[in-house]
Amino acid sequence: MNYHKLKLYAFFGLLGFAMLSCARRVNYIESDKALLPVMVKGDKTSHQYLIVIAGGPAGDGIMYHYVFPFFKKLEKDYKVVYYDQRGSGNAKGEPPISSLTLDQHSIDLYKIISSIKAKDNMASIYLVGYSYGGSIALQYLKNRQYESQVEGTIMIAGAFDRKLRSQYQQQLTIEFLEQWVNEGYIESYDYLTSEFSCPPNLKSCKQDSIETIKKVNKRFKKIDKASKFPINLVSIKNLLHYGLFAPGSPFRSAKNEAKNAGYFQPEFDSLMLINNLEITSPMLLIAGRLDTNVPYYDAQHLYDEVKLPNESKKLLILEQSGHLPMFTEPKLMIEAIRKFLQ
């Protein structure tokens with residue numbers, strides 16, 4: 001046999017074996033006509049489980065292990081649980097469209113937690129909700145029976161009162177503009193209001209308004225960058241690793257998101273979850289000051305409304321972060337999470 005062909009066969013054989021090995025590391029939890037893939041990574045001696053609830057709606061949860069180095073750092077000290085929500089990622093089954101709701105997500109999460117505790121009677125469960133995953137986590141905590149199964153919750157850029165999003169975004173814009181005026185970066189933002197108009201034949205006014213718009217756009221581009229997924233050699237390598245070695249198929253994940261995100265979205269956009277809160281378990285809220293997708297006011301509002309003693313709740317506002325603080329300020333996040341879990 002040709003030597004080069006032999007090497008090629010060996011390569012694909014090893015690749016296939018590696019992919020099968022990855023697939024074996026996933027268990028499936030059955031919940032109301034859905035099969036949810038669950039993967040546990042991290043310190044095998046730890047009894048502290050961090051259940052990562054992915055953003056979305058219809059986001060790929062198991063992907064977080066591969067593309068977010070932040071979570072791998074947590075795996076050094078804890079067991080980190082990744083799973084794909086119903087209708088998302090590589091979840092299987094034929095769940096009805098009517099089940100694509102936060103209430104059903106809470107039921108699914110309860111079943112995952114129950115399966116962990118059935119295998120480890122010393123398990124301490126913590127929820128880690130990111131963005132839309134924060135909505136799922138808060139909905140879960142509003143059920144007293146469910147909340148009793150967890151030791152605490154970490155919210156990262158969590159979305160809770162999504163219905164107020166536009167109001168919060170306008171409020172954040174004004175905050176930025178006032179900050180830039182106070183810094184002397186711009187003289188005024190009156191030029192940007194709909195009520196303002198330059199007096200006739202006053203060229204300096206028009207020039208000043210154009211200059212102000214340029215400066216403001218420059219700052220907002222910098223703010224937007226804080227929320228973008230970084231494209232570099234490390235992130236490309238992680239994406240390739242996910243595509244080649246993650247259990248399941250990235251194509252199935254993309255198909256599920258395209259198919260089902262629209263069914264989740266109307267409920268998500270109308271959310272007003274911060275009401276009638278009777279949460280008793282500790283909570284750590286992490287938000288980015290520069291997050292224009294889910295402004296930090298959402299986290300601030302939850303912190304103010306949840307009736308927990310100050311030692312049981314913590315709000316961390318990251319000054320240099322947008323909607324992806326796991327990339328921009330991971331060290332501060334890990335320090336806060338470790339302190340919270342002690």
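Only a predicted model underlies this, so the values are computations on that prediction, with no experimental measurement involved. The residues of the chain are indexed from 1 along the displayed sequence.
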Q) Going only through I, L, V, M, F, W and Y residues with side-chain contacts under 4.5 Å, is there a path from V294 to L318? A) no

Q: Work out which heavy atom in P69 is nearest to a heavy atom in N238; give both atom names and the distance.
A: CG-ND2, 3.8 Å

Q.
To the closest 0.5 Å, what do you measure between CD1 (I113) and OG (S115)?
A. 9.0 Å

Q) What pairs with E94 under salt bridge (Lys or Arg N to Asp or Glu O under 4.0 Å), at least two apart in sequence or on another chain? A) none

(Q) Between F71 and V234, is there shared hydrophobic-cluster membership here, with clusters defined by ILVMFWY side-chain heavy atoms closer than 4.5 Å? (A) no

Q. Does any non-hydrogen side-chain atom of S135 lie less than 4.5 Å from one of L102?
A. yes

Q) If you look only at pairs with a residue in residues 319-336, which of them pass as a salt bridge (charged side-chain N to carboxylate O under 4.0 Å, His left out), with sequence neighbours excluded? A) R289-E319

Q.
Between R338 and D77 (salt bridge meaning N to carboxylate O under 4.0 Å), is one present in this structure?
A. yes

Q: Decide ring-ring contact (aromatic ring centres under 6.0 Å, His included) for H65 and F245; before the verdict, give the C-alpha distance in whole Å, the side-chain angles of both, and the deciding distance to 0.1 Å.
A: CA-CA 11 Å; H65 165 71; F245 298 108; over 10 Å; no

(Q) Could you check whether any side-chain heavy atom of P37 comes within less than 4.5 Å of a side-chain heavy atom of D84, counting everything from C-beta outward? (A) yes

Q: Would you name the heavy atoms of G61 and A54 that are closest together and state the gap between them?
A: CA-CB, 3.6 Å

Q: Please round to the nearest 0.5 Å and tell me the distance separating atom CG of D120 and atom CD of Q48.
A: 11.5 Å

Q: Verify the cluster assignment for V81 and M122: are they in a single hydrophobic cluster under the rule of side-chain heavy atoms below 4.5 Å apart?
A: no

Q | Backbone of Q169 reached by a side-chain donor or acceptor of T173 within 3.5 Å | A | yes

Q) Under 6.0 Å from the six-membered ring centre of Y82 and within 45° of its axis: does the NZ or CZ of K41 meet both? A) no

(Q) Walk me through whether S235 and N232 qualify under side chain to side chain donor-acceptor pair (under 3.5 Å). (A) CA-CA 5 Å; S235 65; N232 52 45; 3.3 Å; yes

(Q) Is there a ring-ring contact (aromatic ring centres under 6.0 Å, His included) between F68 and F327? Walk through the geometry before answering. (A) CA-CA 8 Å; F68 291 110; F327 285 112; 5.3 Å; yes

(Q) If we ignore hydrogens and angles and just use 3.5 Å, is the side chain of K313 paired with the main-chain N or O of L284 as donor and acceptor? (A) no

Q) What's the verdict on side-chain contact (heavy atoms from CB on, under 4.5 Å) for Y242 and S253, showing C-alpha distance, side-chain angles and the deciding distance? A) CA-CA 12 Å; Y242 162 66; S253 177; 4.1 Å; yes

Q) Would you say the side chain of S124 lies within less than 4.5 Å of the side chain of H47, judging by non-hydrogen atoms? A) no

(Q) Hydrophobic clusters here meaning ILVMFWY residues chained together by side-chain heavy-atom distances under 4.5 Å, can you tell me if I186 and I210 are in one? (A) no

Q. Any sub-3.5 Å donor-acceptor pair from N256's side-chain atoms to G89's backbone N or O?
A. yes

Q.
Just verifying a value: how many Å separate Y78 OH and I337 CD1, rounded to the nearest 0.5 Å?
A. 8.0 Å

Q: Applying side chain to side chain donor-acceptor pair (under 3.5 Å), run through Y49 and E151 and close with a yes or a no.
A: CA-CA 10 Å; Y49 293 78; E151 302 297 322; over 6 Å; no

Q: Go through E183 and Q179 one step at a time and tell me if the side chain to side chain donor-acceptor pair (under 3.5 Å) criterion holds.
A: CA-CA 6 Å; E183 292 173 353; Q179 176 186 334; 3.0 Å; yes

(Q) Check whether S114 reaches the backbone of Y110 with its side chain - one donor and one acceptor, N or O, closer than 3.5 Å. (A) yes

(Q) Checking the side chain of D161 only, and the main-chain atoms of K163 only, is there a donor and an acceptor separated by less than 3.5 Å? (A) no

Q | In one Ile/Leu/Val/Met/Phe/Trp/Tyr side-chain cluster, 4.5 Å: F251, V26 | A | no

Q: Go through the steps for L172 and E175 under the test side-chain contact (heavy atoms from CB on, under 4.5 Å), then give the verdict.
A: CA-CA 5 Å; L172 186 63; E175 181 181 324; 4.3 Å; yes

(Q) Using every non-hydrogen atom in the two residues, find where S188 and T212 come nearest and quote the distance to one decimal. (A) O-CG2, 3.7 Å

Q. Do Q139 and L273 come within less than 4.5 Å of each other through their side chains, counting heavy atoms only?
A. yes

Q. Is a donor on one side and an acceptor on the other found under 3.5 Å between the side chain of T101 and the backbone of Q104?
A. yes

(Q) When you compare the side chain of Y83 with that of I62, does any pair of heavy atoms fall below 4.5 Å? (A) no

(Q) Using a 6.0 Å cut-off, check whether atom CG of N275 has over 12 heavy atoms from anything other than its own residue. (A) yes

Q. At what distance, to the nearest 0.5 angstrom, does CD1 of I116 lie from CD of Q149?
A. 11.0 Å

Q: Establish, yes or no, whether the cationic atom of K215 lies under 6.0 Å from the six-membered ring centre of Y185 and within 45° of the ring axis.
A: yes

Q: Report yes or no: does E305 contribute a side-chain atom to a donor-acceptor pair with the main-chain N or O of L277 at less than 3.5 Å?
A: no

Q | Over all atoms of both residues, closest heavy-atom pair of G243 and P250 | A | CA-CG, 3.8 Å

Q.
Looking at every non-hydrogen atom in both residues, tell me the closest pair between R86 and L36 and how far apart they are.
A. N-CD2, 3.5 Å

Q: Quick one: closest heavy-atom pair of G288 and Y296, and the distance?
A: O-CB, 3.9 Å

Q. Salt bridge between E75 and K44, side-chain N to carboxylate O under 4.0 Å?
A. no

Q. How long is the gap from NE2 on H105 to CG on D108, to the nearest 0.5 Å?
A. 7.5 Å

Q. Between the side chain of S99 and the main-chain N/O of P95, is any donor-acceptor distance below 3.5 Å?
A. no

Q. Is there a donor-acceptor pair closer than 3.5 Å between any side-chain N or O of S148 and the backbone N or O of Q145?
A. yes

(Q) Please tell me whether F268 and Y132 form a close aromatic pair, meaning their ring centres lie under 6.0 Å apart. (A) yes

Q: May I ask you to test the Y146-I107 pair for a side-chain heavy-atom distance under 4.5 Å?
A: yes

Q: Would you check if M326 and I156 make a side-chain contact, meaning some heavy-atom pair closer than 4.5 Å?
A: yes

Q: Assess the pair H323 and F229: is the distance between their ring centroids shorter than 6.0 Å?
A: no

Q | CZ on R165 to CD on Q170, rounded to 0.5 Å | A | 12.0 Å

Q) Does D298 reach the main-chain N or O of F160 with its side chain, forming a donor-acceptor pair under 3.5 Å? A) yes

Q. Between Q171 and P295, is any pair of side-chain heavy atoms under 4.5 Å apart?
A. no

Q: May I ask you to check whether over 12 heavy atoms, not counting those of L233, lie within 6.0 Å of atom CG?
A: no

**Q.** Working for side-chain contact (heavy atoms from CB on, under 4.5 Å), residues L341 and Y126
**A.** CA-CA 9 Å; L341 295 175; Y126 294 85; 3.5 Å; yes

Q.
Show, in sequence, the C-alpha distance, side-chain angles and deciding distance for L315 and Q300, and conclude whether the side-chain contact (heavy atoms from CB on, under 4.5 Å) test is met.
A. CA-CA 7 Å; L315 174 62; Q300 181 71 64; 3.3 Å; yes

